[in-house]
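First the structure, in the form of structure tokens, and then the observations on it.
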Amino acid sequence: ATYTLEEYMNWGDAGLENVYLGNGIEVIPVGSFENNKITTLRIPDTVREIQKKAFENNHNLKQITFGTGLKVIGEKAFADCENLVSVLLPDGVETLENNALQNSATSGVVWVPATVKQLGESALSANTVWFEEASLPETTADNWNGGCETIEMGCGKLIQWGDYIY
């Protein structure tokens with residue numbers, strides 16, 4: 001069975017803390033859980049896309065468990081979730097749209113698998129980022145890093161990429 005969530009469900013005042021989405025959900029729509037008090041989030045294997053602003057401004061969010069079916073993380077989907085300890089994106093994620101994880105996991109690390117092929121502008125800004133492979137994904141923006149604190153590669157240190165030196 002396939003289940004549908006609605007855009008901008010306005011859960012912001014619900015005081016939700018732990019969100020465990022069930023199997024059957026394929027898309028988490030625009031703004032569905034933004035501005036909430038979520039601390040723990042579990043996304044099932046059936047979710048293939050998290051649309052823009054779905055979890056933006058969840059300042060209490062500390063832990064996300066991603067399912068294996070995820071392909072796309074939309075614009076600002078997890079922007080300003082700065083208390084995430086770390087973000088381990090699953091193998092299979094292909095696209096991080098503009099500002100997808102901007103200012104998230106500011107004291108932790110965002111782990112990016114080799115399956116990521118497209119990074120939007122500032123998709124990972126204000127984060128420490130670790131890439132599984134030494135080759136950086138293709139990008140649609142010249143300044144995708146938009147202020148990453150640190151960039152590390154799976155097999156060594158990146159010395160120069162474009163106009164940026166690390």
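- Applying the side-chain hydrogen bond (donor to acceptor under 3.5 Å, both in side chains) test to E82 and every residue at least two apart in sequence or in another chain returns H59.
- Considering only residues two or more places apart in sequence or on other chains, A54 meets the side-chain contact (heavy atoms from CB on, under 4.5 Å) condition with I28, S32, I50.
- Here the straight-line distance linking atom CG of L89 with atom CG of L70 works out to 7.5 Å at 0.5 Å rounding.
- For the pair I38 and N58, the tightest heavy-atom approach, listed with the atom from each and the gap, is N-OD1, 3.3 Å.
- With hydrophobic clusters built from ILVMFWY side chains whose heavy atoms lie under 4.5 angstrom apart, L21 shares a cluster with L61.
- Atom CG of N57 sits about 8.5 Å away from atom NZ of K76, to the nearest 0.5 Å.
- Residues P113 and P90 share a closest heavy-atom pair of CG-O, 3.4 Å.
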ask   = Does the side-chain contact (heavy atoms from CB on, under 4.5 Å) test come out yes or no for L96 and L124, once each step is laid out?
value = CA-CA 9 Å; L96 299 175; L124 301 166; 3.9 Å; yes
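- Cluster membership for V19 and I64, using ILVMFWY side-chain heavy atoms within less than 4.5 angstrom, is shared.
- Annotation: the span from E26 atom CD to R48 atom CZ amounts to 5.0 Å, rounded to 0.5 Å.
- With rounding to the nearest 0.5 angstrom, the NZ atom of K62 is 15.0 Å from the CG atom of L41.
- One distance of note links CD of E56 with CG of D80; it measures 6.0 Å at 0.5 Å rounding.
- In the hydrophobic cluster analysis, where Ile, Leu, Val, Met, Phe, Trp and Tyr join through side-chain heavy atoms closer than 4.5 angstrom, V109 is grouped together with L88.
- Remark: D45 engages T68 in a side-chain hydrogen bond (donor to acceptor under 3.5 Å, both in side chains) (not counting sequence neighbours).
- Residues T115 and G92 share a closest heavy-atom pair of OG1-N, 2.9 Å.
- Every pair passing ring pair (Phe, Tyr, Trp, His ring centres under 6.0 Å) that includes a residue from residues 72-112 is listed here, sequence neighbours excluded: F55-F78, F66-F78, W111-W130.
- Smallest separation of non-hydrogen atoms from Q51 and P29: OE1-CA, 3.3 Å.
- The SG atom of C81 lies 10.0 Å from the CG atom of N60; values are rounded to the nearest 0.5 Å.
- Within the structure, the salt bridge (Lys or Arg N to Asp or Glu O under 4.0 Å) test picks out no pair touching residues 91-111 (sequence neighbours left out).
- Judged as a side-chain contact (heavy atoms from CB on, under 4.5 Å), and not counting sequence neighbours, the contacts of T40 are N18, Y20, Q63.
- Taking hydrophobic clusters as Ile, Leu, Val, Met, Phe, Trp and Tyr residues chained together by side-chain heavy-atom distances below 4.5 Å, I25 shares a cluster with F33.
- Applying the salt bridge (charged side-chain N to carboxylate O under 4.0 Å, His left out) test to R42 and every residue at least two apart in sequence or in another chain returns nothing.
- With sequence neighbours left out, N99 forms a side-chain hydrogen bond (donor to acceptor under 3.5 Å, both in side chains) with Q102.
- Taking every heavy atom of both residues into account, G22 and P44 meet most closely at O-CG, 3.3 Å.
- Remark: the backbone N or O of S125 is not paired with any side-chain donor or acceptor of N103 at under 3.5 angstrom.
- S86 meets the side-chain hydrogen bond (donor to acceptor under 3.5 Å, both in side chains) test with no other residue; sequence neighbours excluded.
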